[in-house]
Amino acid sequence: MLNRIIQPHSIIITVLIFLFIWFLNLIRLNMHYIDPFNNGLKNYEITDIVYAYLSDSSRQQPLRTQDLLLVDIGRPDRGRIALLIDRLREAGAAAIGVDVLFESSTVSPADSFLQAVIRRTPNLVLACEVDQVNAKGTRFEQWKGVDTAFANYSTLGYVNFPANQTRVIRHFSPQEQVGQDTLPAFTTALLQIYAPEKAAKLLERNKPVERIHYTGPQYAFPRQEQDRLLDSMSLEEVRSVVHGKIVLLGYLPAPYEGDLLKDRHYTPLNQSYTNRAIPDMYGLAIHANVLNMALEEQFIRELPNWLNVILLAIFGYLNVLLIHWVYDDFNEVFHGITRALQLVEFILLFFLIALLFHYFRIKLDFGVGILALLLAYDLIMIYESLIRRRLPWLDRIPEAIPLRPTPAAIEEEE
Amino acid sequence: MRNKWLFLILLTCGVAGLTAQQDLFIVLDVSSGSGLTYSQEGGNERRVFAGTTVKAPGRLRLLQGVSAVIVFEDTRTTLKGPAMYDLEQLGADIRSQNSSTFLSRFWSFISNAIKDTDTPQQVEQSHRRYLTNARAGVSGFGSSSYGIEAPGYLTGLLTHPEVTFRWDSVTHPYGYRFELRQEGATDPIITATLSGQQLTTDLRQLRFEGKTPAYWQVSALQADSSWLKTARIPVYFDQEALQIFDAQLEADDDFQSLSEAIQPIYRLYELEEAGLLQAAYHTYAAQLQSDAPSAVDRQLFISFLLRMNALEEAQTLMK
């Protein structure tokens, strides 16, 4: 059995495949300007399909709907925001996150009132931005986006994500070094107020960036409107919806209303996963997803590199072994069988990756494996019909490793 | 034997308790502030809002034109009014809905990816399948939060003590109720029932407690007993703010470098920038009341009023 599995020529072909992939990777040139298709695909991962198509759209995975409330503030008027924060504090919100940048301040009464409200709301987190990364890329020089008139009296959390306006937001960074201090992300700062033990668990993972596990689309969390909370509802009614919760204030207009480009970003939930045209999620809902992930402790599990390499090597070798066997034993129909095999295997592999991600949040990085699967056919052809013929000494290598014969086999031979 | 019975009773109670705990409905979103109510058998009806959790047994009632999204056992459901929902029945209905399996969704995706190549011919041949995918149009603001609009220049810092609070007229009101109140105060500073759409008062005569911000709001009772309202509009009275502003402006080199003809226009721009909207309004109005108001002054005032959402006033001026 073992000599069927350990075949020197298949090992050589597998090594050649991975060398070829490594070589391709080495000489990769930046030619995206003539290759828009590939450029679109670079922003895509197989698991995006799980989010966009394979999740049950009517059902939602366990969501902290009872812990979170998202409030659309519409046009961010400082006077009204101050009134709202004060009302939420009175109504017993456990933590209040304001996803609005108060960049400058004046001596206007609205700003004075906002400052006074911030001072008397200890469980408030204000949004800021990290700025000016140092030359080594290890820390930031400063934070910005919020005036010291407000920042001095509140906890700050940065709202930056490691992506850009045209890239999918997949990660978030739980905390960053800013100057000599450590600054938490907006969501980490809220967790530190609402559930310090969950924040500690998040930071104990000690990951510079954490993959975001998106559990709900942007309207999967309870959503309120500033005007309703301020003008239509009594304090008792406000208390009934905010007491003991994390309340996030920001831009989250009702479906089909508001600006579709303002504070909207690309996420893996975008159904147009290859040529993402319109951003699909408001920033506030991304924060809510991060909070949900941390509260539920539903982090995405990634395999360690060494295990990934071993799995890739085994996968690549088994494929070569299989296709090589087809080449040797069914040479006339080799082409048809191999292509069918590749197609079936590709679908099965996709199914496996999707299944593992959907149910266990295990993310397999199998791009190289799929490439190895595609290259196996061609490399076997090249090896058998070109390399072996040109290098006769390769024929001296046995087809299978001769193992020590069993006593029964010796007896039979005699 | 008795212990066994006790154990069985406790077990039954526990299971019943757990089952009852599961019958929770969380309201995710409601299209209207007062269109969704909840009541229990023999109890009063109360309004419920997004973020509220309600329990079965009970009833949810939605008014005409109201829709709500609720979550029950991790399943999102949209309810549309006018309708009354018995929560026990609704829970049973949601439970009985067959949820698609992962395998079926996977197969559907793979088979669609193979079949559905979206060629122009395909769109032409089965165009009805595609008609619901795209729409060219925007949603109107059918259910505006506020039925009554107020001009923007009556928001924020007020520097002129004599203020005429104005608001847009509504159809068939049973009078308007005006209220000026400091935040957190139990009694309003002014409350009045009016038949017109404005109220003039002298802020110097009013008693404000400390520097707590105040807000004003107008409500109008409608024939169907509903209320139309303005937003709660924050105001702060500071007579000296305009003098400080003018002193700073006089000291500004940029302002000094301008010609005398341009300085008033620049001042108006700066007033708006500084949020002194009421002062800007009075300056525009004063320009029009001068001996020889120019067409440009009139046009500038109309533009200002339009920016301030004072459409009725702008319309009067245009006539």
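This structure is a prediction, so every number in the text was calculated from the model and none was measured. So that the names make sense, note that chain A is the first sequence line, chain B the second, and so on, each numbered from 1.
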For the atom pair NZ (B/Lys229) and CG (A/Asp227), what is the distance rounded to the nearest 0.5 Å?
-> 12.0 Å
Got a second to check how far B/Glu183's CD is from A/Phe113's CZ, nearest 0.5 Å?
-> 5.5 Å
Please name the pair of heavy atoms, one in A/Arg228 and one in B/Val30, separated by the smallest distance, quoted to 0.1 Å.
-> NH1-O, 3.0 Å
Tell me, for A/Ala254 versus chain B, whether the close heavy atoms (under 4.5 Å) come from the side chain, the backbone, both or neither.
-> neither
Give the member of B/Gly275, B/Pro234, B/Ala231 that has the highest number of heavy-atom pairs under 4.5 Å with chain A.
-> B/Ala231
Once the angle between the rings of A/Phe350 and B/Phe106 is folded into 0 to 90°, is it parallel (under 30°), tilted (30 to 60°) or perpendicular (over 60°)?
-> tilted
Heavy-atom closest pair, residues A/Pro222 and B/Ala50 | CB-C, 4.4 Å
Any side-chain heavy atom of B/Arg46 sitting closer than 4.5 Å to one from A/Ser240?
-> no
Among the options A/Leu355, A/Asp86, A/Leu69, pick out the one with the most heavy-atom pairs lying under 4.5 Å from chain B.
-> A/Leu355
State whether the number of non-hydrogen atoms from other residues, nucleotides or ligands found under 6.0 Å of B/Glu240 atom CD is greater than 12.
-> no
Any donor-acceptor N/O pair, A/Arg80 side chain to B/Arg232 backbone, under 3.5 Å | yes
To the nearest 0.5 Å, how far apart are OG in A/Ser232 and CZ in B/Phe49?
-> 7.5 Å
Quick one: which of B/Thr78, B/Thr52, B/Ile26 has the most heavy-atom pairs under 4.5 Å with chain A, could you say?
-> B/Ile26
Verdict with reasoning, B/Val71 to A/Phe221, per side-chain contact (heavy atoms from CB on, under 4.5 Å) = CA-CA 10 Å; B/Val71 174; A/Phe221 299 92; over 6 Å; no
Just how far is it from atom CZ of B/Arg47 to atom OG of A/Ser234, taken to the nearest 0.5 Å?
-> 7.0 Å
Where do A/Lys245 and B/Gly51 come nearest, in terms of heavy atoms and distance?
-> NZ-O, 2.7 Å
Is the gap between the ring centers of A/Tyr359 and B/Phe102 under 6.0 Å?
-> yes
